[in-house]
Structures are given as structure tokens and as C-alpha cells.
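By convention in this document, chain letters (A, B, ...) are assigned in the order of the sequence lines, proteins followed by strands, and residues within each chain are numbered from 1.
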Amino acid sequence: MLVLMFQIGDNRLALDIRRVREVVPRVHLDRPTMAPDWLAGLFVYRGHPVPVLDLHHLLGAGECPPHLSSRIILVPLEREGGDERLIGLLAAQVADIREINANAPSMPSLDSSSQARLGQTLVEGDTILHLLDLDHLLPDPVRKRLPPP
Amino acid sequence: MRWRLTDYSIRARLYVLGVLAFSSTLIVLLAAIYLVYQYRVEGPRHIPIKYKRMTRAEVAPPSIYLIELYLVLQELETLTKPEEIRERLTQVDELAKQYDRKYAEAIERLTNSTFRRRMENEIDRTARELIRVARTEYLPLIGQPGMQAKISEVLRTRILQAFREHRKAATEMDQALQREIDHLDEQLISDARTSLFWLAVVSIGMLIVGTLIAYLTMRGIVEGTQVLIHRVEEMSLGTSDLTVRIPVETRDEMGRLAEGINKMIAKIQSIVLKVRESSIQLLSTASEIAATAREQEATVQGFSSSTTQVAAAVREITATSKELSGAMNEVNERANQAAMLANTGRSRLVSMEATMNHLVESTASISSKLAMIREKADNITMVVTTITKVADQTNLLSINAAIEAEKAGEYGRGFLVVAREIRRLADQTAVATLDIENMVRHMQEAVTSGVMQMDKFSEEVRSGVGKVAEINGQTGKIIEEVHGLTARYCEVNEGMKNQAIGAEQINEAMASMASNIRQTAASLEEFKRATDHLRSSVELLNQEIAQFKS
């Protein structure tokens, strides 16, 4: 399957391309006051305000580096009632799409909450990938604290 | 503090003595005058006795007349002739009258009431009784015959009795008066004796006190004077102990005199001490002077030999001056040659300065060209940044294209491949851009260091130009100096000649100095003799002073 590759801290991560709506450059973000650390800010995408989450903060990997390849991945998020809303994920090294074998051998997850939140660990070629699972990444408390659309 | 006579001045004591003598004499004299006045004849103490005696004299007369009367009465006893009897009778009347008169006189003068009463009561009463008995009982019987026996009886009994009583009273009163007079006399005598006794006692007492004070005063003066005289005689002998002081016990004139002498001795002592110190110092000074004189003598001798040496040295100087004159001329020629060389060096330096200036200009143009290269490199960096942005955009576009192609499913497969190729191209572009960026950065660093080195070189060249200018100036100065030297050499030559003349003069001065030194040696000899005299005099002074113990 096709995955979008990016990097959080020292970890290489992959996201199923079918879950991605679009990749946009890191634009200016409006950051509301009293917002949690992991909320990088809001920007307007086609007439709708979209909240952007800093994956580095969310996974405890410090600050997102200010490079050109640090981009926002727009993903649709299903909500109760069947309709969906868009959220942005700020990540580094968002510059490659790769074909991976879905049946690649997976590594047992280490007993660490942050590692667990990275999702399934795969070995692809000579690199270790974490296949990101959005449902694991955004637990209910985080979703509830997202600003309303 | 105990009272002492010596606490008062001698003058005060003498005054007291004089006043005491005068006053005691006056007191005794006044007392004597008083006593003489009191006890003189007709004095206050003599008058009562005199009156008593007068009283006694006045009391007697009436009695005498009565005695006479009684005698006449006795005569009448035996008389027979009438003429005689008549005569006797008239005599009796006469005597009676006389008595009355005398009595009246006596009673008038008696002032003492005791004696007056006694006179009236006893003497007069008995007298009147006698007269009355005579008149009434006796006289009528007279001349009558046959009455002889009666007359005798009356005379023998009544008249005799009365007469006896009268006599008794008179005698008693007289005795009483006599006793009183005796008593008064005794009293007077004893009073006078007592007064005289006390007068004598007072006189003797005052005499003793006066003598005592006079003795004490005199003794104080004499003793004090003897101590002072003894001390002063000791001092005058000149071999006295100056540390001893006269003990001052009194506060009178002698004490003050002793204090004065003590102060004088202290003064002499201090003077002697100072003289002693001074003489010792003088002695040491004399010794120093003698030593100095000896040293001076040695110095003069040394001086004499030095003079000879100086004369020899002056001769040497003269010879050396001549040699120096020759050497100077040689040096002058060399200096002129050096000046010529310096001139050629100077012209070469001028051409070198021009070359240096040219170098400075070339360096400046190289610097400006390097700056231009740097500017160009900056432009290249801007282009590279733009290329990088384009590559980035291309990469993003390829990703989004891949996402859209995936959504299109089977129809998008071909497009997916195109998207991957675009992404690869973009990546290659990015890598190439990175290489260019690195190269440009290296070039920029090289240019920067080149500019810095150019600057340093330019600075060095500039300082080289400055140094060349400096050397040029110094060379100019050297040439000037060398030119000046020639004139100086002439001066030096002149000076040399003068020096030769001066040396001659020094030689002459040395000769006169040698004679002066001989004279100085002679006077030093005299000075030494004088110093020896001084020393012996000071020693004599020391011996004299040593006589005083201080």
C-alpha cells in the first residue's frame, strides 16, 4: 500500500495515503490564547477553520524544526453523526511517498505509552517504520479539547 | 601645727618686745603714781584717820573743864574765907559755862552718830549730873557753919561718884576712839603693803617675760646667723660640698636668708655642673681639633705630592692634545666621504618610495575587485535559494498529485508514476542546489580571507612607505650632521690650542700652589701648638672645677 513518510523526533512514521486529504506548506497559524501545548494553531482551508496539532508536542519530542519540509498533513476525522471534519497534523520531513508491503513483519510494541501511541511498528527494507493509527494517536480527551468547527 | 616663736619674723618679734617693755613700764609707773596718791599725807586714805584724831582731840576739852571744876569744888571744902569762897564760886560758874561752850563745840563737830550719842548720853549726862549735884546739894552748903561734915560727906559721896562716872565714860570713849584709830592705821599699813607687794610681783613678772622673749629672739638670730656664716665661710674657702643645703626650719628673716643662700648655692652648683660639662666637651673638642690638625697636616703633605702629579699629568695632556689634533683631521676626511655615500643612498631611497606607492595603488584595485566577486557570490546565493524553493514546491505538488492519483484508483496509476518521477527530479534538483550552495559558501570564505590578507598587505606596504620616508629624513639629518661636523672639527682644533695654553697656566698655578702649601704646613704647626695650649688650659679648668663636690 502507499504511505506518506514523515519524521517525529528520531522516529520515522508512515500514514496510509488514503487517509490523507492534502499536504499543505506550513502557513501562518493563528494560536488562540490558553490553548494546550500540542495545539499549534488554526488556519483557514477553503473557507473553514482547521485546527493544527503539533505531533512533536503530542508525542513528547520537543519542538517541530522550522524547515521547508515541515508541512501540515490534512486528514479527515470522523465524528458522531456520520459527518467529518478536517484537522491538520504538523510534522517534519513530509517529502516522500512510498509503496510498502502491508504484510511486512511487525515488531512487538515496547511497553511505553508514547511508543504505543505511535502505532504498529514495521520493518521495511532496512528502516523501522511506525504505521500511524489516528484513532490511537488522538484519544478522546484530546478530541474533546479540540476547538469546535 | 605646733605654735613656734620662729614662725614670726624677727621684726615682728622686736616690735612685740618693744611694745611689751614700754607698756609694762607704763603700767608699773601708773600703779606707783596711784599708790603715792592714795597713801600720801592728806591723801584719800589719810583723811579718815586725821578726822578720827581730831575727834579725839575735841572730845577731851569739855572733860578737862569738868576736872578743873571738880578740883575747885574740892578746894571749896576746906575754904573758909568768904572772899575766897566767892572767888571760887564765880570760878565754878565760869567753868560750867566753859564746859557748856566746849561741849557745844564738840557736839557740833562730831559727825559719827555712835560717838555723838555716847557723848550726849554718857559724858554729857554725867557732867550735867555732877554740875546739878554741885549746884543743888553741895554749893548751898558752902559757907554755912557747922555743915562741914555734911559738905565733906556730899563731896565724898555724891560729887565724887558723879565725877568718877564722868571720868569713866570719858576714858572709855577715848579708849574706843584710840582703838578705832589704831585699827585704821593697821588697815592702812597692811593695804599699802599689799599694794606694794603686787606692784613688785607685776614688775618682776613683766621683766621676766620681756627678758625671755628678748633672749629667744636673740638666740634665734645668733644661731641662724652662725649657721649661715659657717656655710658662707665654707663656700668662700672654695672646697665646699655643693650638694649640702642649709636646713630651713624657721619662717622668719633668717629662714628666708637661709633659703636665699640655698638658692644661691643651687645656682652655683648648676653653674659648676654646666662648666664641668662644658669643660669636658671643650676637652674633647680640643682633642678633636688636635686630631683634625694632624689629619690636615697629612692632607697637606698629600696635597703637595698630588700637585707634583698634576703637573706631570698636565704635561701628558699637552702631548696628547697634539696627537688628537692630527687624528681629528683624519676623521674630518672620513666624515666627508660618509656624507657623499649618504647622498647616493638618499636618491635610491626616493625611487624606492615611488615603487612602494605604486604597490599601494595596485593593492587597492585588487581589494575592489575582490569586493565585486563577493557581491556576485551573494547574487548566486539568492538564485540558489529561489531554485530550492521551486524544488520544494515541486515536491509538494508531486505528493498531492500522488494523493489525488491514489483517490482516482486504477485510472490514476499512470499519473502516480509521473508524480513519482517529478518528485525524484525535485529531489535531485535539491541535492544539486545543496552542492552549489556549498561551493558558493567556500568561495565566499576564500574571498573574505583574501580581502583580509589584502588589507594586511596594504597596511604593511603603507607602514613600509612611512619607514622609507623616515629613513630618508634620517639620512638627510646624517648628511647635515656630517656637514656640521667639519665646522665643529675646526672649533675642536682651536680648543686644543687653547688647552695647550691652559695647561701651561695650570703648570704655573701648580708651582705657586706648592709654595702656598708649604706656608699652610707652617701655619698648621702653629695651630697645633695653640691647640696644645688650649688643651692644657682646659685640663687646668677641669682640676679647678673638680674641687667642688656637686
Would you indicate whether [X], at its atom [atom1], is surrounded by more than 12 heavy atoms from other residues, nucleotides or ligands within a distance under 6.0 Å?
X: B:Met452; atom1: CE; value: no
X: B:Phe415; atom1: CZ; value: no
X: B:Arg334; atom1: CZ; value: no
X: A:Ile128; atom1: CD1; value: no

note = Applying side-chain hydrogen bond (donor to acceptor under 3.5 Å, both in side chains) to B:Asn438 and not counting sequence neighbours gives B:Arg441
From [X] atom [atom1] to [Y] atom [atom2], the distance as rounded to the nearest 0.5 Å:
X: B:Glu406; Y: A:Asp16; atom1: CD; atom2: CG; value: 7.5 Å
X: A:Glu99; Y: B:Arg420; atom1: CD; atom2: CZ; value: 7.5 Å
X: B:Ile399; Y: A:Ile17; atom1: CD1; atom2: CD1; value: 8.5 Å

query = Are the side chain of B:Asn400 and the backbone N or O of A:Glu22 linked by a donor-acceptor pair below 3.5 Å?
reply = no
key: Polar side-chain atom of A:Arg18 near backbone of B:Ile403 as donor-acceptor pair, under 3.5 Å   =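 Not at all, since once roles are kept as given, no pair shorter than 3.5 Å links the two residues.
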B:Leu416 vs A:Leu2 side-chain heavy atoms within contact, under 4.5 Å = yes
inquiry  = Are B:Lys407 and A:Arg21 packed together at the side-chain level, in the sense that at least one heavy-atom pair is separated by less than 4.5 angstrom?
reply    = yes
Pairs flagged by side chain to side chain donor-acceptor pair (under 3.5 Å) wherever residues 374-392 of chain B is involved - sequence neighbours left out =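 As it turns out, the side chain to side chain donor-acceptor pair (under 3.5 Å) pairs with a partner in residues 374-392 of chain B, which skip direct neighbours, are A:Arg71-B:Asp392, B:Asp378-B:Gln444.
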message = Does any backbone or side-chain atom of A:Ile97 lie under 4.5 Å from a heavy atom of chain B? Answer side chain, backbone, both or neither.
response = both
